[in-house]
Amino acid sequence: MSRILQPQTASREQKAETPFVRYLLSLLALAIIGLFLILPLVAVLFEAFREGWQAYLTAVTDRYTRHAILLTLFTALICVPLNTLFGIAAAWCIARFQFPGRSLLTTLIDLPFSVSPVIAGLVFILIFGAQGWFGGWFAANGFPVIFALPGIVLATMFVTLPFVARELIPLMQAQGAEQEEAAIMLGAGPWRMFWTITLPRIKWGLLYGVILCNARAMGEFGAVSVVSGHIRGSTNTLPLHVEILYNEYQFSAAFAVATLLAGLAIVTLIAKSIVEWRQQRQWENASS
Amino acid sequence: MGKLTSWAFASALGLFALSATSFAQAEDIELLNASYDPTRELYQAYDPLFSKWYKQQTGDDVTVEQSHGGSGSQARSVIDGLPADVATLALGYDIDAIADRTGKIPEDWQSAFPHNSAPYTSTIVFLVRKGNPKNIQDWDDLTKDGIEVITPNPKTSGGARWNFLAAWIYVLKQQMGDLGKLDDPRYADEVSAAKAAAEKFVGDLYRHVPVLDSGARGATNTFVQRGIGDVLLAWENEAFLATEELGEGQFDIVVPSVSILAEPPVAVVEGNVRKKGEAAEKAAHAYLEHLYSPEAQALAAANYYRPVNPESAAKEDLARFPDLELHTVNEVFGSWRKAQETYFNDGGVFDKIYQP
Amino acid sequence: MSQRKTLLPGFGLSLGITVFTLSLLVLIPLLALVTKSAELSLGGMWDALADRRVLAAFRVSFSTAFAAAFANVFLGLIVAWVLVRYPLPFKRGFDALIDLPFALPTAVAGIVLTTLYAPNGWLGQFFTDWGIRVAFTPLGIIVALIFIGLPFVGRTVEPVLQELDRQQEEASTSLGASRWQTFYRVLLPPLVPAILTGFSLAFARGLGEYGSVIFIAGNMPMRSEIVPLLIVTKLEQYDYAGATVIALASLVVAFIMLLVVNGLQHWTRKRTGRD
């Protein structure tokens, strides 16, 4: 999922199918992209501005919207660095060392990808809910987990856990360990090796993972919905706020807030394209 | 990692400590009201009204936070530890569930406030498209060929359970004429025949439902926004909201001959509010008591709920509520617990409807 | 991959962090799931799963996730093929857009897709004219899952497509094979592992998807009720054990899918000789 188009040389593109097939396939591809990707984006914008600029501005600057934005940012601010750290550590031990249980570990890292977000929320209720294992203890000690920030952070971390690791593992495997071993042999300390050799070589792949991780952290709905408690102005993240507005029949406002998330998605895509382009060169260097 | 986690932990703790100190000053009280979906507008209006009144009375500042969702899911949240101080839900069973599972609400909560702790009531009516093109007049018309009925899933939605039971009551009433026969052993045969007819009718009714949303709000959206269905079974207050604010002039309300008296109850979650201290406890009780005050009752009527003390409500608000024959859950089904067990629990009557 | 002893530092620390985090966030939660389900006897678990409505939900989830993943094989292949091989204006922009479903929150996707495909929606009205209902039927679930899963096949096929050996293709053409034969015999076989991987990823994701589906599904028991919704429904009836049994069952399926995916990727790497 990490590499993109290489620039094709024009001469080669001409050889393949008959023009008719080519146009047909191109049209089909454009139709798929248009129908499934562009149209939904246009619909969000259209619905958001249906009642005009003024209504849009009121909706996105509303007190509760502002709070939801802050909470979403704050959650991402905690989750993304922690998951970045986890991703680097996991990639380091999996890509650089051989040990028993390595492939099991890889599978476990991937697991949150295919676990239903609802289940992700449910498990934390089972552990930290008032009827759960530790919930009573945490609540009694004045540190509620579920229906408070820690629960939202935990659920978000669970869902976004694989993103950075999944980007880094194949990249670091492809790069091989020679340069790092050379650095160690030449007497560099572990940190020096990491900062001067490892990090510069993985930085674009890392950034790519971080960007995706961040987008998912800010946009997660299912898991957070189970543990949030939906307290207005307190535990409502942006995606939950969209749903609440929708349920209050404030459709334009709901879509207006959704444009913030769609905007985030577009910024993510742009950032990702730039990073991909740089990363592409890193891959080429890695394989050459 | 260690450093970062402890930093995150410390900052989260710091935040919490900050908010904890603000609780400690007795005159700054924060309450959390866990409510169901259709009361959003009502409590949005009531909360500032109460805060102002309470400030005048006691000098304390009360801020009420709201949490809305499906009634069952809100009860589940409170059971799992949502620190709600008051619960204002769609039906008694959900408050019973909190009482049973956590002990945070006393078992006799229903006698804590007047009128079975239901400060406002509502009923179930039909919302149809403008001009009533399918000519739907009463429950019988819902199961005619080609009619599509929108109602949410009774498993997840409180409002949907009221819908289900209202339809049930209608058939019993049709079959027996007098609901007093229900508890009379002399009419046992007639009662069981009526119940069989009711089961058949309600089963038929749900076969006319094309979309089963998980909550009342979702069902209204499906009917109003998506244009699906010929008739929406709705809370009376939701139906008014839809006709007067959502799609003005696009819908008509049809009042059936018989319906159910829906009593959405309120209760203080004693186990939660006690931890916040005496001032908060007092405020939480006052918050619910004040719902019965003339100004709050007028507000309820303005928000399309039927006030239990109608004297102070505006005449034109009251005039909107049609007269119809209403029966309560306790009268027909004994209690919410019994109704829940018989009709909505797994393996109950509702589940049978979808058995092939 | 080198088998010799490595000089590199940090194995203990990095493995420690990895195992610690995984235990905290993945293993302990899973353990909670298992112990909670164990509150039911084996017979009770069986009853909870063998319930008609639960079985129907599994059937709906599996069939729609399968149909969507299957459709995505073709859609993803076409899009990847065109983006890799043909000149197209705004190519880079379109390529970036493929990842939109990853980045757009699922609830927003659900609301928007419902708006588009409802009988009175932008697209839904045309379908209604032909007598097809999309939103609020299993077809609506498939549409949502196609949206969610579109990037998976496209993104796994794209890099393989780029690295295909053009000489074989040209040789095949010069030996007189038709374009279709060349595609079928020369181009497709090396793509198959990537397609399978993309298919499995899309399928696994589709099985668990909740946010976007509930808005568009119609949620009719036995017909368009998905497994995650059933878990939520059980929860709201305070049936925690029942909810966890269903959750566990779908988790086991997801885990098996993942093992298959990882096995496939291993196989892919071996066959294409990349690692």
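Below, chains carry the letters A, B, ... as their sequence lines are ordered, and counting in each starts from 1. Computed over heavy atoms, backbone and side chain alike; hydrogens, waters and symmetry mates excluded.
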Report which part of Ile79(B) has an atom under 4.5 Å of a heavy atom belonging to chain A: side chain, backbone, both, or neither. both

Minimum heavy-atom distance Arg216(A)-Pro117(A), with the two atoms named: NH2-CG, 4.5 Å

Comparing Gln74(B), Gln225(B), Arg76(B) against chain A, the one with the most heavy-atom pairs below 4.5 Å turns out to be Gln225(B)

Structural part of Ile125(A) lying under 4.5 Å from a heavy atom of chain B: side chain

Any chance the side chains of Gln66(B) and Ser35(B) put a donor and an acceptor closer than 3.5 Å? no

Phe255(A) vs Phe46(A), test: ring pair (Phe, Tyr, Trp, His ring centres under 6.0 Å). Steps then yes/no. CA-CA 9 Å; Phe255(A) 281 106; Phe46(A) 181 83; 9.8 Å; no

Parallel under 30°, tilted from 30 to 60°, perpendicular over 60°: which one fits the rings of Tyr249(A) and Phe251(A)? tilted

Below 4.5 Å from any heavy atom of chain A, which atoms of Leu82(B) appear? Answer side chain, backbone, both or neither. both

